[in-house]
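Reviewing the structure listed below.
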Amino acid sequence: MAQYLPPLRDMQFVLHEVLGAVERLQQLPAHAELSRELADQVLEEGGKFCSEVLFPLNRSGDEEGCTYAGDGVVRTPAGFRQAWEQFKAGGWPTLTCSPEYGGQGLPHTVGMAFQEMMNSANQAWTMYPGLTHGAYDCLKAHGTPEQQALYLPRLVSGEWMGTMCLTEPHCGTDLGMLRSKAEPNPDGSWAITGTKIFISSGEHDLSENIIHLVLARLPDAPAGTRGISLFVVPKVLPKPDGSLGERNGIVCGRIEEKMGIHGNATCEMNLIGATGWLVGEPNKGLNAMFVMMNAARIGVGLQSLGLMEVAYQNSAAYAKDRLQSRALTGPKAPERPADPIIVHPDVRRMLFTQRAYAEGARCFAYWLALQADVAESDPDEDERRAAGDLLSLLTPVVKAFLTDNGFLATNLALQVYGGHGYIREWGMEQYVRDARINMIYEGTNTIQSLDLLGRKVLGDNGAKLRAFGEQVKAFVEEEGTDEDMAEFVNPLAELGDKLTKLTMELGMKAMGNADEAGAAAVDYLRVVGHLVMSYFWAKMAKVALAKVQEGGAAAEPFYVAKLATARFYFAKLQPETAGLIRSARSGSKSLMELDAALF
Ligand SMILES: Cc1cc2nc3c(=O)[nH]c(=O)nc-3n(C[C@H](O)[C@H](O)[C@H](O)COP(=O)(O)OP(=O)(O)OC[C@H]3O[C@@H](n4cnc5c(N)ncnc54)[C@H](O)[C@@H]3O)c2cc1C
């Protein structure tokens, strides 16, 4: 049976010792009152909720799954509803929402750390509030004042919940092919007809109302993505005072049987002249929906961070306990019939890989959350723009790099258990199954890589990437003279130079043949991911090294382990970039030459 301990010490290390997050947040008027104590207290309490309420439902939720008897009501697994009631009673849905709508107004940085723990504890359950928060973000940015007054306080309190309805049977990635249509009603609302599939949390028994954000076409809409509009479509039509009126024409047709996240209902939603109201401008629905999609992309990265952490914790404990064979260098536990498997170099590789990816991801994700806070509320426009650019550049990276690593890391956790990992009892195979979807939804990782290379990097002639590069360079210059930091700083600086060259080369090639970008994009994103990881691992190593060098009480085992993990990352994981760069540079010919008929 798996266990989960909220990694509060590491969260504090990242937030306080590496990022100086609270000090930066205090410079923002919205968070001037924040203190380390408050942030720590919220995370400690949040951690208790996750480990005591959500985690015990993870396995049972996976085994029972959601059920649908065809009566329009989807039943979530036992305990899910009670956990939702406790979540609401604790005020957790309100954490980062605006006080204007009943929220507590805490920064995203704290909210995302909490989200990580929720995902470690129970990814399937966490998707319900995750989508609700996305709907809140979208309506807050693009809703009319009336829509905001009606929906936002209820989404914030958790009384109502939300979804995002984009996908249709014939269109997933290519939303330009979307067919759902909206016809005008005499009262200014719209009647929406169409079929949406794979809608997470589309129907369930957690709340009395579900607020769907639906993409559809107006009658005169231009073809393609320029003709898509966004609508708010409640499951139950609210009366003007917010009380519930008639059932709307949006109903669940079926739920999917799927590989993982069984506790989250994945629904086919049929819209049969459902009443909806336009959100934002006509035909600009995709822009409005991007608010929700971007937040969700970061949220998906956090799902994998959560899974990596919990899988690591369990596989590390198992490796210290499981006795098998003797160490190659001679017995390490001669009094026992065999050594614990943690003596074997390859078992250590598997543990370190998980740990390096999880802890590196934590630093990256929290830093990105900090950029979101700065972009949202720094009084200085230049600061807001600079943070917004970094957020935009690195959103596809946090989504794809963390979720690719999440699948890799959970697989390694399973492998540490040998055959026991493959059977259900230990809980590891669930993490692998749950982690797999994160590479697919919210735009597949291929699409993230095309977004990064095509739009975010080549689309602005590398300006945003250069801005991140400047931060890396400043760190390298600052630390470059410290010999003890050379093992971290040198590979970081080298990778930065190689990435600059690779970007220029791909930019030139892509001008002649767009397939060159398509062929290189996935490798390219992984190289950028490693640059980001290298930067944060070098920063973490700097703090840990200082403590270890100080010695005595300062050199806590925590810092010793951090330093060892940093060394492992640079010695064993970062060198992967050499092969990735070689592959990215090899061009599209080997992929595109063969006639499709010969596959
Ligand atoms: C469990 C689950 C939950 C989901 N939740 C939601 C939800 O809440 N709301 C919602 O709207 N949708 C949801 N989805 C849908 C999800 O976002 C889509 O499945 C995903 O975007 C991919 O679309 P698709 O499945 O149609 O694959 P396709 O678009 O058909 O893609 C198939 C393959 O082709 C590749 N491909 C496609 N186009 C390109 C291209 N231009 N260049 C290179 N490769 C390309 C893809 O990367 C992929 O590997 C969910 C899906 C699942 C399975």
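Ligands are counted one by one from 1 in listed order, and the atoms in each one are counted from 1 as well. Atom set for the values below is all heavy atoms of this structure, side chains included, hydrogens, waters and symmetry mates excluded.
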Considering only non-hydrogen protein atoms, determine which one is nearest to atom 24 (P) of ligand 1 and report residue, atom name and distance to 0.1 Å. Gly172 CA, 3.9 Å
Does atom NZ of Lys258 have more than 12 heavy-atom neighbours from other groups under 6.0 Å away? yes
Is atom 14 (N) of ligand 1 close to the protein, meaning a heavy atom under 4.0 Å from it? yes
If the plane angle is over 60° it's perpendicular, under 30° parallel, otherwise tilted; pick one for Tyr4 and Phe55. tilted
Do ligand 1 and Ser200 have nitrogen or oxygen atoms that lie under 3.5 Å from each other? yes
Tyr136 side chain to Gly162 backbone, donor-acceptor under 3.5 Å: no
Is the count of non-hydrogen atoms from other residues, nucleotides or ligands lying under 6.0 Å from Lys88 atom NZ greater than 12? yes
Arg81 side-chain N/O to Ser207 backbone N/O, donor-acceptor pair under 3.5 Å: no
Indicate the atoms forming the closest heavy-atom contact of Asn119 with Gly299, along with that distance. ND2-O, 4.3 Å
Is the ring pair Phe114/Phe87 parallel, tilted or perpendicular, if the boundaries are 30 and 60 degrees? parallel
Can you confirm whether some protein heavy atom lies under 4.0 Å from atom 50 (C) of ligand 1, or whether none does? yes
Can you tell me which portion of Leu166 lies within the under-4.0 Å heavy-atom range of ligand 1? Options are side chain, backbone, both, or neither. both
Mark up the atoms of ligand 1 that fall under 4.0 Å of a heavy atom belonging to Ile199, in ascending order. 7 (C), 8 (O), 9 (N), 10 (C), 11 (O)
Leu450 contact mode with ligand 1 (heavy-atom cut-off under 4.0 Å): side chain
Report the nearest protein non-hydrogen atom to atom 25 (O) of ligand 1: residue, atom name, distance rounded to 0.1 Å. Phe198 CE1, 4.3 Å
Could you tell me whether Thr444 approaches ligand 1 through its side chain, its backbone, both or neither, with non-hydrogen atoms closer than 4.0 Å? side chain
Which heavy atom of the protein is the closest neighbour of atom 38 (N) of ligand 1, given with residue, atom name and distance? Thr173 CG2, 3.6 Å
Taking the six-membered ring for Trp and the full ring for Phe, Tyr or His, determine whether the centres of Phe231 and His212 are under 6.0 Å apart. no
Less than 6.0 Å separating the ring centroids of Trp277 and Tyr151? no
Check the surroundings of atom CZ in Arg179: do more than 12 heavy atoms from other residues, nucleotides or ligands lie under 6.0 Å from it? no
Quick one: look at Glu442 and ligand 1, take heavy-atom pairs under 4.0 Å, and tell me if it's side chain, backbone, both or neither. backbone
When distances are taken from atom 21 (O) of ligand 1, the protein heavy atom at minimum range is Gly443 N, 4.0 Å
Atom 42 (N) of ligand 1: protein heavy atom closer than 4.0 Å? yes
Decide yes or no for Leu390 and Phe468: does some side-chain heavy atom of the first lie under 4.5 Å from some side-chain heavy atom of the second? yes
Looking only at distances, can you tell me whether any N or O atom of Met164, backbone or side chain, sits closer than 3.5 Å to an N or O atom of ligand 1? yes
Enumerated ligand 1 atoms positioned under 4.0 Å from heavy atoms of Thr446: 43 (C), 44 (N), 47 (O)
Below 4.0 Å, non-hydrogen atoms only: which portion of Ile447 touches ligand 1? Side chain, backbone, both or neither. side chain
Closest approach of any protein heavy atom to atom 20 (C) of ligand 1, naming residue and atom: Ile440 O, 3.9 Å
Which atoms of ligand 1 have any heavy atom of Ile437 under 4.0 Å away? 1 (C), 2 (C), 52 (C), 53 (C)
Tell me whether atom 33 (C) of ligand 1 lies less than 4.0 Å from at least one protein heavy-atom position. no
Shortest non-hydrogen contact from Leu450 to Gly518? CD2-CA, 3.9 Å
Relative to ligand 1, is Thr167 under 4.0 angstrom through side chain, backbone, both or neither, heavy atoms considered? both
